[in-house]
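Written below as structure tokens is the structure these notes are about.
The sequence lines fix the lettering, A, B, ..., with proteins before strands; numbering per chain opens at 1.
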Number of protein chains: 2
Amino acid sequence: MRPEAILHALSDPVRAAIFTQISGQGCVQACSEVAMVGDRAIPKSSLSHHIKVLREAGLIRCERHGVEMRNHSRCSEVDQRFPGLIAAILGAYALVGV
Amino acid sequence: MRPEAILHALSDPVRAAIFTQISGQGCVQACSEVAMVGDRAIPKSSLSHHIKVLREAGLIRCERHGVEMRNHSRCSEVDQRFPGLIAAILGAYALVGV
DNA sequence: TCCCATAGTTCGGAATATCGGAACTATTGA
DNA sequence: TCAATAGTTCCGATATTCCGAACTATGGGA
């Protein structure tokens, strides 16, 4: 879990929005529930790529549940390792309304 | 001054190190003083590019002083707009020793 | 069992960004 | 005016990103 990977993952507003969504409500979302960011539909190959980047950065964990993939936020683990990082980043995005 | 630009700028460990260096001691450094990161020499065209990315992200301000360029950290301005962001990021890098 | 529908992943090629050497520009001092 | 120093710009090689199309995996019927 490296800081540069986390920053890179969240330096894309679309990925930051996806991560916010996964972290926010209930902390579990299937990819198909994330297929919209704002009013914008994300092509599923792009979404798959974004999810992969978030996963490889250690920000989320994915497990198959039947036919769908559930994405869990790893917020608390990341926060334990890098205190305040996630909060500051999502806070900054929230301030500019993304 | 957008969060994604700041995160992108600092998602490169070399740039993060340059920014740490500029922010750290005395808050002013000419590019030539930054030409080393760790034991690694940075080509000056690359350094110029890195400095530009940091400048455009709003992280530093550059002004010519005679023949050299001085780089000032804008830490406090960034912190005013996005509280805790810089500290959390540099703190995370410090934790892994970069 | 076989087939279909749903959910994601992988492939491939076009567009874009990054890196660094070489050439260029700007400023100072002799 | 010329030389030296400090950065910038240009450009080609390399690497990333984006997304449609094809592919894989799982579960639910007929």
Evaluate B:F19 against B:I60 for side chain to side chain contact (heavy atoms under 4.5 Å, CB included), listing each step before the verdict. CA-CA 8 Å; B:F19 181 63; B:I60 62 177; 3.8 Å; yes

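- The shortest side-chain heavy-atom distance between B:R15 and B:H8 falls under the 4.5 Å cut-off.
- The CD1 atom of B:I51 sits 13.5 Å away from the NZ atom of B:K44 when rounded to the nearest 0.5 Å.
- A single hydrophobic cluster is not seen to contain both A:I18 and A:M69; linkage of ILVMFWY side chains at heavy-atom distances under 4.5 Å, directly or through other members, places them apart.
- Linking ILVMFWY side-chain heavy atoms closer than 4.5 Å, directly or via other members, places A:V96 and B:L59 in a single hydrophobic cluster.
- Residues satisfying the salt bridge (charged side-chain N to carboxylate O under 4.0 Å, His left out) criterion with A:E68, sequence neighbours excluded, are A:R70.
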Write out a two-atom table: protein N or O, nucleotide N or O from nucleotides 2-4 of chain C, distance below 3.5 Å.
none

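- Of all nucleotides in DNA chain D, those with any atom nearer than 4.0 Å to a heavy atom of chain A start and finish, going 5' to 3', at D:dT17 to D:dG27.
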Distances under 3.5 Å between nitrogen or oxygen atoms of protein and nucleotides 19-23 of chain C:
| residue | atom | partner | partner atom | Å |
| --- | --- | --- | --- | --- |
| C:dG20 | OP2 | B:S46 | OG | 2.7 |
| C:dG20 | N7 | B:S45 | OG | 3.2 |
| C:dG21 | N7 | B:S45 | OG | 3.1 |
| C:dG21 | O6 | B:S45 | OG | 3.2 |

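- In this structure a side-chain-to-backbone donor-acceptor pair under 3.5 Å is missing from A:Y93 to A:T20.
- Residues A:A92 and B:L85 come closest through the heavy atom pair CB-CD2, 4.0 Å.
- Distance check, rounded to the nearest 0.5 Å: CD of B:E4 to CD1 of B:I6 gives 9.0 Å.
- For the atom pair A:L7 CG and B:L10 CG, the distance stands at 7.0 Å (nearest 0.5 Å).
- Looking at residues 53-69 of chain B, you'll see B:V67, B:E68, B:M69 sit with a heavy atom under 4.0 Å from some atom of DNA chain D.
- Pairs of residues two or more places apart, or lying in two chains, that qualify as side chain to side chain donor-acceptor pair (under 3.5 Å) and include a residue from residues 76-87 of chain A are A:R74-A:E77.
- Rounding to the nearest 0.5 Å places OG of B:S73 at 7.5 Å from CD1 of B:I86.
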